[in-house]
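As C-alpha coordinates, the structure follows; a few thoughts come after it.
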Amino acid sequence: MPELPEVEVLVRHLQPLLRRRTIRSVTVFRPKMTRPNSIAQLKRALLGCSFTDLQRRGKYLVFSLRQGRSPKPIQLLGHLGMTGRFYLRKQHLPMPRHTAVVLGLGALDLIFEDTRVFGRLSLDLTALERLGPKPLSPGFNPAVFAVALHKSAQSVKVKLLDQTVVAGIGNIYASEALFLARIAPTLPARDLNLKQIQALTSAIRRVLRLAIRRGSTIPLDWEGTGPRDGLFYYGRPDQTRTAGEERLRVYDRAGRPCPRCRTSIHRITQASRSTYFCPNCQPQILC
DNA sequence: CACCATGTTCCTTG
DNA sequence: CCAAGGAACATGGT
(Lines give C-alpha, C1' and ligand atoms only; values in the text may rest on other atoms or scores of the structure.)
Protein backbone atom coordinates (compact mmCIF):
# COMPACT_ATOMS: atom_id res chain seq x y z
CA MET A 1 0.00 0.00 0.00
CA PRO A 2 2.08 2.67 1.39
CA GLU A 3 3.72 5.20 -0.91
CA LEU A 4 2.23 8.56 -1.81
CA PRO A 5 -0.03 7.33 -4.65
CA GLU A 6 -1.50 4.47 -2.66
CA VAL A 7 -2.21 6.73 0.30
CA GLU A 8 -3.69 9.36 -2.01
CA VAL A 9 -6.08 6.87 -3.57
CA LEU A 10 -7.05 5.56 -0.15
CA VAL A 11 -7.70 9.08 1.16
CA ARG A 12 -9.85 10.00 -1.83
CA HIS A 13 -11.81 6.82 -1.33
CA LEU A 14 -12.36 7.21 2.42
CA GLN A 15 -12.82 10.96 2.69
CA PRO A 16 -16.44 11.19 1.53
CA LEU A 17 -17.33 8.00 3.38
CA LEU A 18 -16.06 9.25 6.72
CA ARG A 19 -17.35 12.79 6.62
CA ARG A 20 -19.91 13.54 9.33
CA ARG A 21 -19.68 10.10 10.90
CA THR A 22 -19.35 9.95 14.67
CA ILE A 23 -16.96 7.75 16.62
CA ARG A 24 -19.00 5.70 19.09
CA SER A 25 -16.34 3.24 20.17
CA VAL A 26 -12.57 2.93 20.13
CA THR A 27 -10.98 -0.51 20.38
CA VAL A 28 -7.21 -0.91 20.35
CA PHE A 29 -5.73 -4.36 19.76
CA ARG A 30 -2.13 -3.21 19.22
CA PRO A 31 -1.33 -0.53 21.79
CA LYS A 32 2.14 -0.01 20.34
CA MET A 33 0.61 1.47 17.24
CA THR A 34 -1.02 4.37 19.09
CA ARG A 35 2.20 5.52 20.71
CA PRO A 36 2.88 7.89 22.28
CA ASN A 37 -0.82 7.86 23.20
CA SER A 38 -2.35 5.41 25.63
CA ILE A 39 -5.60 3.65 24.83
CA ALA A 40 -7.32 5.84 27.43
CA GLN A 41 -5.98 9.01 25.82
CA LEU A 42 -7.26 7.97 22.43
CA LYS A 43 -10.68 7.14 23.80
CA ARG A 44 -10.93 10.35 25.76
CA ALA A 45 -10.03 12.43 22.71
CA LEU A 46 -12.04 10.59 20.09
CA LEU A 47 -15.27 9.26 21.60
CA GLY A 48 -18.16 11.37 20.41
CA CYS A 49 -16.12 13.15 17.73
CA SER A 50 -17.28 13.46 14.13
CA PHE A 51 -15.04 13.37 11.09
CA THR A 52 -14.85 16.67 9.26
CA ASP A 53 -12.09 15.90 6.79
CA LEU A 54 -9.35 13.53 5.70
CA GLN A 55 -6.19 14.68 3.98
CA ARG A 56 -2.89 13.18 2.94
CA ARG A 57 0.51 14.62 3.77
CA GLY A 58 3.43 12.63 2.36
CA LYS A 59 2.57 9.04 3.24
CA TYR A 60 0.52 10.10 6.27
CA LEU A 61 -3.24 10.27 6.62
CA VAL A 62 -4.49 13.28 8.56
CA PHE A 63 -7.98 12.77 9.98
CA SER A 64 -9.76 15.92 11.17
CA LEU A 65 -12.53 15.66 13.73
CA ARG A 66 -14.68 17.87 15.90
CA GLN A 67 -16.31 17.24 19.26
CA GLY A 68 -20.00 18.11 18.93
CA ARG A 69 -20.35 21.72 17.88
CA SER A 70 -17.08 22.70 19.45
CA PRO A 71 -15.02 24.66 16.95
CA LYS A 72 -11.84 23.22 18.38
CA PRO A 73 -10.56 20.72 15.83
CA ILE A 74 -8.92 17.44 16.70
CA GLN A 75 -6.43 15.77 14.41
CA LEU A 76 -5.47 12.14 14.20
CA LEU A 77 -2.40 10.99 12.32
CA GLY A 78 -2.31 7.66 10.51
CA HIS A 79 0.53 5.86 8.79
CA LEU A 80 0.31 2.53 7.00
CA GLY A 81 3.87 1.41 7.60
CA MET A 82 4.57 -1.46 5.21
CA THR A 83 1.35 -3.43 5.43
CA GLY A 84 -1.31 -1.21 6.96
CA ARG A 85 -4.82 -0.81 5.55
CA PHE A 86 -7.86 1.26 6.48
CA TYR A 87 -11.30 0.29 5.34
CA LEU A 88 -14.94 0.52 6.33
CA ARG A 89 -16.89 -2.60 7.08
CA LYS A 90 -20.24 -3.59 8.54
CA GLN A 91 -20.10 -3.75 12.31
CA HIS A 92 -20.33 -6.92 14.40
CA LEU A 93 -18.34 -9.04 11.98
CA PRO A 94 -15.46 -11.12 13.33
CA MET A 95 -12.26 -9.11 13.56
CA PRO A 96 -9.63 -9.84 10.91
CA ARG A 97 -6.50 -11.51 12.21
CA HIS A 98 -4.25 -8.44 12.22
CA THR A 99 -6.71 -5.79 13.33
CA ALA A 100 -4.85 -3.06 15.17
CA VAL A 101 -7.54 -0.46 15.92
CA VAL A 102 -11.29 -0.29 15.31
CA LEU A 103 -13.27 2.92 15.39
CA GLY A 104 -16.96 2.10 15.73
CA LEU A 105 -19.07 4.50 13.63
CA GLY A 106 -22.54 3.12 14.21
CA ALA A 107 -23.53 0.84 11.37
CA LEU A 108 -19.94 0.68 10.16
CA ASP A 109 -16.52 0.12 11.65
CA LEU A 110 -13.38 1.82 10.45
CA ILE A 111 -10.84 -0.99 10.59
CA PHE A 112 -7.12 -0.35 10.79
CA GLU A 113 -5.38 -3.60 9.98
CA ASP A 114 -1.61 -4.08 9.92
CA THR A 115 0.22 -7.38 9.71
CA ARG A 116 3.69 -6.12 10.43
CA VAL A 117 2.68 -3.54 13.06
CA PHE A 118 4.87 -0.78 11.60
CA GLY A 119 1.89 1.51 11.13
CA ARG A 120 0.69 4.24 13.47
CA LEU A 121 -2.50 5.93 14.59
CA SER A 122 -2.07 8.65 17.17
CA LEU A 123 -2.81 12.19 18.24
CA ASP A 124 0.85 13.13 17.89
CA LEU A 125 1.28 15.17 14.72
CA THR A 126 4.92 16.11 15.21
CA ALA A 127 6.10 13.71 12.49
CA LEU A 128 4.56 16.06 9.93
CA GLU A 129 7.00 18.80 10.89
CA ARG A 130 9.88 16.80 9.50
CA LEU A 131 8.40 16.39 6.04
CA GLY A 132 9.92 18.11 3.03
CA PRO A 133 8.00 19.69 0.14
CA LYS A 134 5.02 18.06 -1.51
CA PRO A 135 6.29 16.56 -4.75
CA LEU A 136 3.15 17.48 -6.70
CA SER A 137 3.13 21.11 -5.57
CA PRO A 138 5.07 24.11 -6.95
CA GLY A 139 7.03 24.12 -3.69
CA PHE A 140 8.94 21.19 -5.10
CA ASN A 141 10.97 22.44 -8.05
CA PRO A 142 14.49 22.03 -9.43
CA ALA A 143 15.86 24.95 -7.42
CA VAL A 144 14.55 23.63 -4.09
CA PHE A 145 15.49 20.08 -4.98
CA ALA A 146 19.01 21.14 -5.94
CA VAL A 147 19.59 22.71 -2.53
CA ALA A 148 18.53 19.50 -0.81
CA LEU A 149 20.76 17.34 -3.01
CA HIS A 150 23.70 19.62 -3.26
CA LYS A 151 25.58 18.93 -0.06
CA SER A 152 25.06 15.20 0.16
CA ALA A 153 27.57 12.54 -0.79
CA GLN A 154 24.85 9.92 -0.42
CA SER A 155 23.50 8.26 -3.53
CA VAL A 156 20.59 9.97 -5.23
CA LYS A 157 18.37 6.90 -4.72
CA VAL A 158 18.87 6.90 -0.96
CA LYS A 159 18.18 10.65 -0.96
CA LEU A 160 14.83 10.10 -2.66
CA LEU A 161 13.77 7.96 0.30
CA ASP A 162 14.58 10.81 2.70
CA GLN A 163 11.19 12.31 3.57
CA THR A 164 12.78 15.63 4.52
CA VAL A 165 14.03 16.07 0.94
CA VAL A 166 10.65 15.43 -0.64
CA ALA A 167 7.64 13.82 1.06
CA GLY A 168 6.01 10.66 -0.23
CA ILE A 169 8.47 8.69 -2.38
CA GLY A 170 9.21 5.14 -1.24
CA ASN A 171 11.35 2.29 -2.44
CA ILE A 172 9.26 1.43 -5.48
CA TYR A 173 8.74 4.87 -6.98
CA ALA A 174 12.34 5.89 -6.25
CA SER A 175 13.55 3.24 -8.72
CA GLU A 176 10.78 4.09 -11.16
CA ALA A 177 11.53 7.84 -11.15
CA LEU A 178 15.27 7.34 -11.66
CA PHE A 179 14.57 5.03 -14.58
CA LEU A 180 12.31 7.61 -16.23
CA ALA A 181 14.91 10.33 -15.67
CA ARG A 182 17.68 8.01 -16.96
CA ILE A 183 19.82 8.62 -13.91
CA ALA A 184 21.93 5.91 -12.27
CA PRO A 185 20.70 5.28 -8.69
CA THR A 186 24.28 5.11 -7.40
CA LEU A 187 25.18 8.62 -8.52
CA PRO A 188 26.13 10.76 -5.48
CA ALA A 189 23.35 13.32 -4.98
CA ARG A 190 25.79 16.22 -5.15
CA ASP A 191 27.02 15.14 -8.59
CA LEU A 192 23.72 15.63 -10.39
CA ASN A 193 23.85 18.47 -12.86
CA LEU A 194 21.02 20.94 -13.38
CA LYS A 195 19.66 19.08 -16.35
CA GLN A 196 19.49 15.85 -14.38
CA ILE A 197 17.81 17.58 -11.46
CA GLN A 198 15.21 19.00 -13.81
CA ALA A 199 14.67 15.61 -15.40
CA LEU A 200 14.32 13.93 -12.02
CA THR A 201 11.90 16.56 -10.76
CA SER A 202 9.55 15.96 -13.66
CA ALA A 203 10.07 12.19 -13.55
CA ILE A 204 9.01 12.14 -9.90
CA ARG A 205 5.90 14.14 -10.69
CA ARG A 206 5.08 11.99 -13.69
CA VAL A 207 5.56 8.67 -11.89
CA LEU A 208 3.44 9.69 -8.91
CA ARG A 209 0.66 11.26 -10.97
CA LEU A 210 0.47 8.25 -13.24
CA ALA A 211 0.29 5.86 -10.31
CA ILE A 212 -2.52 7.88 -8.73
CA ARG A 213 -4.42 7.92 -11.99
CA ARG A 214 -4.02 4.19 -12.51
CA GLY A 215 -4.80 3.40 -8.91
CA SER A 216 -7.97 5.46 -9.16
CA THR A 217 -9.23 3.35 -12.06
CA ILE A 218 -8.93 0.08 -10.23
CA PRO A 219 -11.94 -1.33 -8.42
CA LEU A 220 -10.46 -1.44 -4.94
CA ASP A 221 -11.17 -4.22 -2.57
CA TRP A 222 -10.44 -2.51 0.69
CA GLU A 223 -11.89 -5.30 2.77
CA GLY A 224 -9.17 -7.52 1.49
CA THR A 225 -11.29 -10.41 0.35
CA GLY A 226 -9.99 -10.26 -3.22
CA PRO A 227 -6.74 -11.54 -4.65
CA ARG A 228 -4.88 -8.24 -4.38
CA ASP A 229 -6.34 -6.65 -1.26
CA GLY A 230 -6.72 -3.31 -2.92
CA LEU A 231 -3.03 -3.05 -3.80
CA PHE A 232 -2.25 -1.63 -7.15
CA TYR A 233 1.45 -1.91 -7.70
CA TYR A 234 1.14 -4.88 -9.98
CA GLY A 235 -1.78 -4.01 -12.18
CA ARG A 236 -5.31 -5.20 -12.38
CA PRO A 237 -5.37 -8.71 -11.04
CA ASP A 238 -8.34 -9.79 -13.08
CA GLN A 239 -7.23 -8.57 -16.45
CA THR A 240 -4.60 -9.90 -18.72
CA ARG A 241 -2.17 -7.32 -19.91
CA THR A 242 0.74 -7.28 -22.26
CA ALA A 243 4.31 -6.60 -21.17
CA GLY A 244 4.11 -3.01 -22.39
CA GLU A 245 1.27 -2.26 -20.02
CA GLU A 246 3.11 -3.18 -16.83
CA ARG A 247 2.66 -0.51 -14.21
CA LEU A 248 6.19 -0.77 -12.95
CA ARG A 249 9.00 -0.55 -15.44
CA VAL A 250 11.93 -1.71 -13.32
CA TYR A 251 10.91 -2.37 -9.71
CA ASP A 252 11.04 -6.08 -8.83
CA ARG A 253 11.94 -6.88 -12.42
CA ALA A 254 15.55 -8.06 -12.08
CA GLY A 255 16.63 -10.14 -15.04
CA ARG A 256 13.70 -9.05 -17.16
CA PRO A 257 14.15 -6.84 -20.22
CA CYS A 258 14.23 -3.06 -19.91
CA PRO A 259 11.05 -1.71 -21.50
CA ARG A 260 13.12 0.81 -23.42
CA CYS A 261 16.20 -1.11 -24.65
CA ARG A 262 15.63 -4.76 -23.63
CA THR A 263 18.82 -4.86 -21.54
CA SER A 264 18.43 -7.03 -18.45
CA ILE A 265 17.27 -5.06 -15.38
CA HIS A 266 19.77 -5.12 -12.49
CA ARG A 267 19.08 -5.30 -8.80
CA ILE A 268 21.50 -3.81 -6.28
CA THR A 269 21.32 -3.10 -2.55
CA GLN A 270 21.58 0.47 -1.24
CA ALA A 271 21.11 1.37 2.42
CA SER A 272 19.93 -2.24 2.96
CA ARG A 273 17.14 -1.89 0.41
CA SER A 274 16.72 -3.13 -3.15
CA THR A 275 17.18 -0.80 -6.09
CA TYR A 276 16.31 -1.77 -9.66
CA PHE A 277 17.65 -0.06 -12.76
CA CYS A 278 18.69 -0.48 -16.36
CA PRO A 279 22.49 -0.28 -16.65
CA ASN A 280 22.20 0.79 -20.27
CA CYS A 281 19.57 3.53 -19.94
CA GLN A 282 20.93 4.69 -16.57
CA PRO A 283 24.70 4.55 -17.08
CA GLN A 284 27.06 5.16 -14.16
CA ILE A 285 29.39 7.12 -16.37
CA LEU A 286 28.30 10.25 -18.15
CA CYS A 287 28.62 10.13 -21.91
C1' DC B 1 16.70 -22.67 7.97
C1' DA B 2 17.75 -18.66 4.79
C1' DC B 3 16.44 -14.49 2.71
C1' DC B 4 13.23 -11.00 1.24
C1' DA B 5 9.39 -7.48 1.84
C1' DT B 6 5.63 -0.91 -0.13
C1' DG B 7 8.69 2.38 6.28
C1' DT B 8 10.35 5.11 10.16
C1' DT B 9 13.03 5.84 14.20
C1' DC B 10 16.66 5.27 17.22
C1' DC B 11 21.43 4.46 18.26
C1' DT B 12 26.15 4.49 17.14
C1' DT B 13 30.18 6.00 14.78
C1' DG B 14 33.08 9.24 12.63
C1' DC C 1 26.12 19.66 15.96
C1' DC C 2 25.83 16.85 11.55
C1' DA C 3 26.00 12.92 8.10
C1' DA C 4 25.76 8.23 7.31
C1' DG C 5 25.05 3.40 8.32
C1' DG C 6 22.81 -0.17 10.51
C1' DA C 7 19.69 -2.35 13.71
C1' DA C 8 15.20 -2.63 15.49
C1' DC C 9 10.37 -2.98 15.17
C1' DA C 10 6.96 -7.90 13.83
C1' DT C 11 5.11 -11.03 10.59
C1' DG C 12 4.56 -13.67 6.52
C1' DG C 13 5.92 -15.41 1.86
C1' DT C 14 9.08 -18.06 -0.96
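Proteins get letters first, then strands, A, B, ... in listed order; numbering begins at 1 in each.
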With a 4.0 Å limit, can you tell me whether [X] has a side-chain N or O closer than that to the phosphate oxygens OP1/OP2 of [N]?
{"X": "A:Lys32", "N": "C:dA10", "value": "yes"}
{"X": "A:His79", "N": "B:dT8", "value": "yes"}
{"X": "A:Ser152", "N": "C:dA4", "value": "yes"}
{"X": "A:Tyr251", "N": "B:dT6", "value": "yes"}

In whole angstrom, what separates [X]'s [atom1] from [N]'s [atom2]?
{"X": "A:Arg247", "N": "B:dT6", "atom1": "CZ", "atom2": "P", "answer": "18 Å"}
{"X": "A:His98", "N": "C:dT11", "atom1": "NE2", "atom2": "P", "answer": "8 Å"}
{"X": "A:Lys157", "N": "B:dT6", "atom1": "NZ", "atom2": "P", "answer": "8 Å"}
{"X": "A:Gln154", "N": "C:dG6", "atom1": "CD", "atom2": "P", "answer": "11 Å"}
{"X": "A:Arg97", "N": "C:dG12", "atom1": "CZ", "atom2": "C1'", "answer": "9 Å"}
{"X": "A:Phe118", "N": "C:dC9", "atom1": "CZ", "atom2": "P", "answer": "10 Å"}
{"X": "A:Asp252", "N": "B:dA5", "atom1": "CG", "atom2": "C1'", "answer": "9 Å"}
{"X": "A:Arg30", "N": "C:dC9", "atom1": "CZ", "atom2": "C1'", "answer": "11 Å"}

(request) Could you list by number each residue of residues 266-275 of chain A showing a heavy-atom separation from DNA chain B of less than 4.0 Å, or answer none if no residue does? (result)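 Only A:Arg267, A:Arg273, A:Ser274 qualify.
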
Are any side-chain N or O atoms of [X] and backbone N or O atoms of [Y], one a donor and one an acceptor, separated by less than 3.5 Å?
{"X": "A:Thr34", "Y": "A:Pro31", "answer": "yes"}
{"X": "A:Arg19", "Y": "A:Thr52", "answer": "yes"}
{"X": "A:Gln163", "Y": "A:Leu128", "answer": "no"}
{"X": "A:Arg30", "Y": "A:Val101", "answer": "no"}

(message) So, using side-chain hydrogen bond (donor to acceptor under 3.5 Å, both in side chains) as the criterion, who are the partners of A:Ser202 when residues are at least two apart?
(response) none

I'd like the [atom1] distance from [M] over to [N], given in whole Å.
{"N": "B:dC11", "M": "C:dA10", "atom1": "P", "answer": "15 Å"}
{"N": "C:dA7", "M": "B:dA2", "atom1": "P", "answer": "16 Å"}
{"N": "B:dC4", "M": "C:dG6", "atom1": "P", "answer": "14 Å"}
{"N": "B:dT8", "M": "C:dG13", "atom1": "C1'", "answer": "23 Å"}

(message) Of the options B:dA5, C:dA4, B:dT9, whose atoms approach the side-chain atoms of A:Tyr60 most closely?
(response) B:dT9

(message) Let's see if you can work this out: which of C:dT11, C:dA4, B:dA5 has an atom nearest to the side-chain heavy atoms of A:Lys159?
(response)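 Comparing C:dT11, C:dA4, B:dA5 against the side chain of A:Lys159, the answer is C:dA4.
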
(message) So which atom in A:Ala167 and which in A:Leu131 form the shortest heavy-atom distance, rounded to 0.1 Å?
(response) CB-CB, 4.0 Å

(request) Please name the pair of heavy atoms, one in A:Tyr173 and one in A:Ala211, separated by the smallest distance, quoted to 0.1 Å. (result) OH-CB, 3.4 Å

(request) Report the secondary structure of DNA chain C in dot-bracket form, marking unpaired bases with a dot and bases paired to a different strand with |, and treating Watson-Crick or G-U pairs with both distances under 3.5 Å as paired. (result) .||||||||.||||

(request) Pick out which of A:Glu3, A:Gln270, A:Lys157, A:Glu176 makes a side chain to side chain donor-acceptor pair (under 3.5 Å) with A:Asn171. (result) A:Lys157

(request) Find the distance between CG (A:Leu110) and CD1 (A:Ile23) and round it off to the nearest 0.5 Å. (result) 8.0 Å

(message) Within the 4.5 Å heavy-atom criterion, are A:Phe118 and A:Thr83 side-chain neighbours or not?
(response)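 A:Phe118 does not reach A:Thr83 side chain to side chain.
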
